[in-house]
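When a residue number appears, it is its place in the shown sequence, counting from 1.
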Amino acid sequence: MVQNMPATDRIRDHAGQGATTVAAHRARRRLRADQARQLADLLRRQLLTGDFPAGALPHEATLAADYRASRNTVREALDLLRAEGLVERLPGVGTIVVAQKYPHGLDRLMGLAETLHEHGHVTNEVRTMGPVAAPAPVADRLRVPPGADVLYIERLRRLGGVPLSLDLTYVPLDIGVDLLGADLENTDVFRLLEALTGQCLGHAEITLEAVNADAHSAAVLEAPRGSAVLMLERLTHLADGRPVDLEFIRFRGDRISMSGRLHRSL
């Protein structure tokens, strides 16, 4: 039957079979990529929560059996984690954990040193500090007159010498002037604000998003240029409701993980 088909029809039929084969191959690759991403998410959670205390992941064959995945899927998942700088493969040893992310809770209003006190001492490099005319969005958020001076602070924050975040902070000048002589290198701004005002902090409004690191931020954080960083915008109020601290914080996404507990209320 096929032999009696015109040559042009046989070519079209063959091409159609080839297209089907290519489409099927692409579908298989997409499926494996999806499965690898799912497995990488599960493994990432395990290695960040210390489920591999020896510092080494199980053998590829063990992971494949545990997660009912193919060896190729397991390899692709490990490649994803390797690209994130979380694991590395050593000949004769296997895949080992080479990086740690520090947990940053979103349940309570705390400074970085308070949040990470169990992991070591947070130090602050004050890169810039002084009065500046408040840009309109800053004046609006801090409820000061447009163009009024506010205290601007730029700090690089490290844990164990490792850069974690670049913090840009605006404080109303009537409070901020007393921060000029404070120990900002070893003390969270939150603690200083409470000491200076005699009030506890009340609440904060936050926005968290991923942005690409600009050249300046990448250099200061020692991160690859263009890599994703976690941008936390936070406006903090005193207990009486006055806004006193507007911050734009860039966290290295490969060194900080955000977590919290949410309750459903209808």
Tell me who clusters with Leu192, hydrophobic residues only, linked when side chains sit under 4.5 Å apart either directly or through other members.
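Reading the cluster by chain and number, Leu192 sits alongside Leu109, Val126, Met129, Leu151, Ile153, Val171, Leu173, Ile175, Val177, Leu179, Leu180, Leu184, Val189, Phe190, Leu193, Leu196, Leu201, Leu238, Val244.
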
List the steps, then state whether side chain to side chain donor-acceptor pair (under 3.5 Å) holds for Ser70 with Asn72.
CA-CA 5 Å; Ser70 69; Asn72 285 336; 5.3 Å; no

Under 6.0 Å from the NE2 atom of His117, do we count more than 12 heavy atoms belonging to anything else shown?
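No, because the 6.0 Å sphere around NE2 of His117 holds 12 heavy atoms or fewer from other groups.
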
Inspect the surroundings of CZ in Arg71 and state if more than 12 heavy atoms from other residues, nucleotides or ligands are less than 6.0 Å away.
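Check passes, neighbour count above 12.
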
Could you tell me which residues satisfy side-chain contact (heavy atoms from CB on, under 4.5 Å) with Glu209, sequence neighbours excluded, listed by chain and number?
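For Glu209, the residues satisfying side-chain contact (heavy atoms from CB on, under 4.5 Å) (neighbours in sequence not counted) are Val211, Met231.
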
What do the steps show when you test Leu230 against Met258 for side chain to side chain contact (heavy atoms under 4.5 Å, CB included), and what is the final call?
CA-CA 9 Å; Leu230 292 174; Met258 299 289 180; 4.1 Å; yes

What class does the angle between the rings of His104 and Phe251 fall in, given that below 30° is parallel, 30 to 60° is tilted and above 60° is perpendicular?
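Rings of His104 and Phe251: perpendicular, over 60°.
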
Do any pairs count as a side chain to side chain donor-acceptor pair (under 3.5 Å) and have a residue in residues 251-260, sequence neighbours left out, and if so which ones?
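Applying side chain to side chain donor-acceptor pair (under 3.5 Å) to every pair that reaches into residues 251-260, excluding sequence neighbours, yields Arg252-Asp254.
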
To the closest 0.5 Å, what do you measure between [atom1] ([X]) and [atom2] ([Y])?
X: Leu78; Y: Leu39; atom1: CG; atom2: CG; answer: 7.0 Å
X: His237; Y: Arg242; atom1: NE2; atom2: CZ; answer: 11.5 Å
X: Arg75; Y: Arg89; atom1: CZ; atom2: CZ; answer: 8.0 Å

Tell me if a side-chain donor or acceptor on Thr115 pairs with a main-chain N or O of Gly111 at a distance below 3.5 Å.
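Checking the backbone N and O of Gly111 against the side chain of Thr115, a donor-acceptor pair under 3.5 Å is found.
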
